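These numbers were taken from a predicted model, which means no experiment stands behind them.
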Amino acid sequence: MKMPIALAEERRESSLSSKVIPKARREGPGAPNLADYDQARREFSWERARRELDGLPGGGGLNICHEAVDRHAAGPLRDHLAIRWLGKNGEISGTTYGQLLRLTSRFANLLRSLGVAKGDRVFVLAGRIPELYIAALGTLKHRVVFCPLFSAFGPEPIRARLAIGRAKVLVTTQSLYERKIKPLRAQLPFLEHIILIGEGHQTADVPGTMDYSRSMAEASDSYTIEPTDPEDAALLHFTSGTTGTPKGALHVHEAVVAHHITGKLALDFHPNDIFWCTADPGWVTGTSYGIIAPLTSGITSIVDEGDFDPARWYEILQSHKVTVWYSAPTAIRMLMKAGTDLVHRYDLRSLRFLSSVGEPLNSEAVLWSQEAFGLPFHDNWWQTETGGIMIANFASMDVRPGSMGRPLPGIEAAIVREKEDGSVEEIREPGAEGELALRPGWPSMFRAYWEDSARYKKCFAGGFYLTGDLARQDGDGYFWFVGRKDDVIKTSGHLVGPFEVESALLEHKAVAESAVIGKPDPVALEIVKAFVVLRAGFQPGEELLRELLGFARTRLGAAIAPREIEFVNSLPRTRSGKIMRRLLKARELGLPEGDISTLEAGYVHG
Ligand code: AMP
């Protein structure tokens with residue numbers, strides 16, 4: 001679905017404006033890694049990028065955990081802080097590369113002792129606690145597929161993802177287990193082991209359930225990584241489409257080449273950087289850049305367990321002397337709301353580079369950050385399927401507020417349009433709108449949707465990977481986001497599939513039909529809004545509304561449950577029965593309805 005016309009217009013205007021934030025001048029050891037864009041593109045090759053990594057000893061291939069942890073633990077970075085963890089109640093702890101080596105080895109040995117083997121799937125459902133990071137890297141070390149689940153998901157999205165990925169092991173906390181997993185246990189026969197984090201719980205009565213601390217203490221802290229083919233499966237990230245179940249985008253160990261080089265070129269990592277990625281590892285940014293990329297560069301990564309809070313965030317930037325900060329537009333807009341005065345109470349002189357991803361970063365937010373921090377947020381673009389940053393505003397380039405930037409070296413991006421015969425053609429005319437497409441072949445490109453080759457195939461045409469985003473490219477090569485081509489919703493940076501929400505609502509006895517759209521919101525970009533047709537015998541009213549909102553929240557979790565529900569008499573459908581969400585959205589916004597020639601006869605709005 002396209003972005004509301006008003007927003008698209010605003011973006012078009014801002015792209016035509018000559019507003020530019022000149023690049024910061026930095027020379028010497030702190031100079032940007034990508035000094036000259038055109039030269040970097042000319043000289044770049046993935047082969048050369050790969051040479052920045054070590055590979056397993058003796059030509060044993062490429063393993064993400066080796067590149068992120070083991071190789072540093074064996075060298076001068078052994079005692080360097082890898083992760084500084086900030087607990088939500090003020091606890092602070094740190095793990096060096098040497099310690100991370102031993103902890104991830106213990107976890108890999110623990111998996112081995114359970115008979116978990118190459119290619120099996122280990123899911124982790126946890127907040128941003130140290131065990132999550134150890135389990136992720138230990139899983140990769142053992143050549144098992146790591147799959148993160150967002151801890152704010154309700155039981156239904158968790159069940160669906162565990163079932164699609166046929167999870168063999170689940171690592172979770174005692175309290176998440178009690179609230180979200182225990183009621184589902186009978187529906188998860190394939191799940192052989194649950195590893196529970198937390199003290200003082202009773203595991204004896206639950207077969208297949210074990211204690212994380214005890215099992216880790218019993219496991220050896222020495223582990224030799226077995227030969228890993230760069231094409232071995234490594235990461236499974238769920239994402240959403242307009243229809244159908246969530247899709248598991250599968251990435252391989254080779255992806256680490258892209259994680260590493262994009263950390264260096266797009267996030268401008270330098271030795272001794274203190275990096276803070278605010279994303280949760282339940283989403284792809286929190287894994288690619290919240291876990292892997294900073295570690296492959298041997299820098300210190302901040303992990304904050306706490307929830308968003310402007311004062312807390314500024315305090316973290318100040319006291320931990322963060323140098324590179326990677327966040328998201330919704331958070332930046334909320335910081336804007338909290339005001340510039342608050343920012344100026346903190347000493348944030350350590351900050352060198354600010355970056356943002358996940359949704360359109362409006363030009364006002366970039367200009368505000370320049371005023372508040374003396375530094376602009378550098379927008380970049382990528383998605384679950386691309387595994388790493390594809391388009392970026394680089395430290396060495398002037399920032400064009402509102403633009404996503406230019407493609408990374410090694411990445412060919414284009415604007416394409418579908419022709420009547422179904423083939424696609426590249427549009428070279430500057431400023432023309434079309435679908436953003438990428439030439440396949442970069443290391444972190446997804447290799448499959450888990451057991452769904454038909455959906456995977458549909459993403460490719462005319463030698464391109466089609467991203468599902470609409471964009472434009474200006475005459476200087478900068479890309480500008482226009483909107484989504486499909487009906488997925490971006491709310492507070494999280495991608496939500498309408499079908500998943502509609503299906504959950506249909507489980508309520510009062511609901512006959514439902515349709516879900518993203519309703520524009522000044523802070524969250526969109527909120528999830530559901531239209532509901534009631535079954536005969538149920539009357540719309542405040543009480544039922546509250547019940548449905550609560551029902552959806554309990555099933556789906558706060559991250560994806562609808563924030564608004566509206567009762568309607570019928571839903572617009574095409575003659576073939578597909579819900580016309582586009583029409584509902586246009587009506588919600590009072591915008592032109594576009595082509596309604598396929599609308600089912602007899603539909604009455606209201
Ligand atoms: P996800 O796969 O959940 O990371 O979501 C990817 C989608 O988020 C993209 O396809 C875009 O629709 C949106 N997105 C990511 N980064 C940006 C950006 N910088 N500007 C606009 N939209 C973005």
Side-chain angles (χ1 to χ4, degrees), residues 34 37-53 55 61-64 67 145 228-237 239 247-267 284-285 287-289 292-293 296 357 380-392 394 404-418 423-428 434-450 452-469 471 473 477 479:
L34 183 149
Y37 180 76
D38 294 318
Q39 187 185 353
R41 273 189 82 78
R42 265 195 319 274
E43 291 175 0
F44 184 89
S45 79
W46 286 111
E47 196 36 53
R48 199 170 295 158
R50 170 126 184 229
R51 272 187 252 131
E52 298 207 4
L53 299 174
L62 190 67
N63 182 289
I64 296 177
E67 303 305 330
V145 181
T228 310
D229 190 310
E231 287 300 312
D232 280 347
L235 302 159
L236 186 62
H237 285 292
T239 183
K247 305 178 278 191
L250 184 69
H251 295 276
V252 296
H253 281 270
E254 172 92 355
V256 69
V257 178
H259 297 146
H260 178 74
I261 208 72
T262 52
K264 183 173 169 183
L265 301 182
L267 300 178
V284 71
T285 308
T287 301
S288 294
Y289 297 97
I292 300 168
T296 66
V357 73
N380 56 57
W381 178 96
W382 59 291
Q383 53 180 197
T384 305
E385 287 85 346
T386 72
I389 301 169
M390 297 284 110
I391 294 176
F394 298 90
M404 308 190 289
R406 299 168 85 183
L408 265 282
I411 299 299
E412 298 297 330
I415 299 295
V416 303
R417 191 178 288 152
E418 202 174 325
S423 62
V424 301
E425 64 177 344
E426 191 172 342
I427 325 171
R428 293 177 194 273
E435 184 165 3
L436 177 59
L438 305 166
R439 287 262 181 229
W442 67 95
S444 63
M445 189 184 95
F446 72 135
R447 300 295 198 267
Y449 283 129
W450 190 257
D452 198 344
S453 53
R455 268 165 130 186
Y456 184 70
K457 270 200 205 118
K458 269 198 189 158
C459 300
F460 299 88
F464 285 105
Y465 161 65
L466 306 174
T467 67
D469 280 0
Q473 187 179 23
F479 282 85

Given Tyr449 and Cys459, is the side-chain contact (heavy atoms from CB on, under 4.5 Å) satisfied, shown in steps?
CA-CA 10 Å; Tyr449 283 129; Cys459 300; 3.7 Å; yes

Let's go through Tyr289 and Thr262 carefully: what are the C-alpha distance in whole Å and the side-chain angles of both, what is the deciding distance for side-chain contact (heavy atoms from CB on, under 4.5 Å) to 0.1 Å, and is it a yes or a no?
CA-CA 9 Å; Tyr289 297 97; Thr262 52; 2.6 Å; yes

Intermediate values then yes/no, side-chain contact (heavy atoms from CB on, under 4.5 Å), Asp232 and Asn63
CA-CA 9 Å; Asp232 280 347; Asn63 182 289; over 6 Å; no

Do Thr386 and Ile411 pass the side-chain contact (heavy atoms from CB on, under 4.5 Å) test, and can you show the C-alpha distance, the side-chain angles, and the key distance before you say yes or no?
CA-CA 11 Å; Thr386 72; Ile411 299 299; over 6 Å; no

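Not a single donor-acceptor pair under 3.5 Å links the side chain of Trp442 to the backbone N or O of Gly410. Distance alone, capped at 3.5 Å, places no donor-acceptor pair between the Glu435 side chain and the Arg417 backbone. Distance alone, capped at 3.5 Å, places no donor-acceptor pair between the His259 side chain and the Ser288 backbone. Under a 3.5 Å cut-off, the side chain of Thr239 and the backbone N or O of Lys247 do not form any donor-acceptor pair. Using modelled atom types, no side-chain atom of Arg455 and backbone atom of Trp450 make a donor-acceptor pair closer than 3.5 Å. With hydrogens and angles ignored, the 3.5 Å screen pairs a side-chain donor or acceptor of Arg447 with a backbone N or O of Met445. Distance alone, capped at 3.5 Å, is enough to place a donor-acceptor pair between the His251 side chain and the Thr384 backbone. Remark: side-chain polar atoms of Arg406 are not paired, donor with acceptor, to backbone N or O of Phe394 under 3.5 angstrom.
Residues Pro440 and Gly463 share a closest heavy-atom pair of CD-O, 3.2 Å. The nearest pair of heavy atoms linking Glu231 to Val252 is O-CG1, 3.2 Å.
Phe446 and Tyr465 have perpendicular rings, their planes meeting at more than 60° on a 0 to 90° scale where under 30° would count as parallel.
A cation-pi contact, defined as under 6.0 Å to the ring centre and within 45° of the axis, links Arg439 to Phe464.
For the side chain to side chain contact (heavy atoms under 4.5 Å, CB included) with Val257, the lone residue among Glu52, Glu67, Arg50, Arg51 that qualifies is Arg50.
Put simply, the side chain of Val416 reaches to within 4.5 Å of the side chain of Leu466, judged on heavy atoms. Counting only heavy atoms from C-beta outward, the side chains of Glu43 and Pro409 never approach each other to under 4.5 Å. Residues Leu250 and Val145 meet the side-chain proximity criterion, which asks for heavy atoms closer than 4.5 Å.
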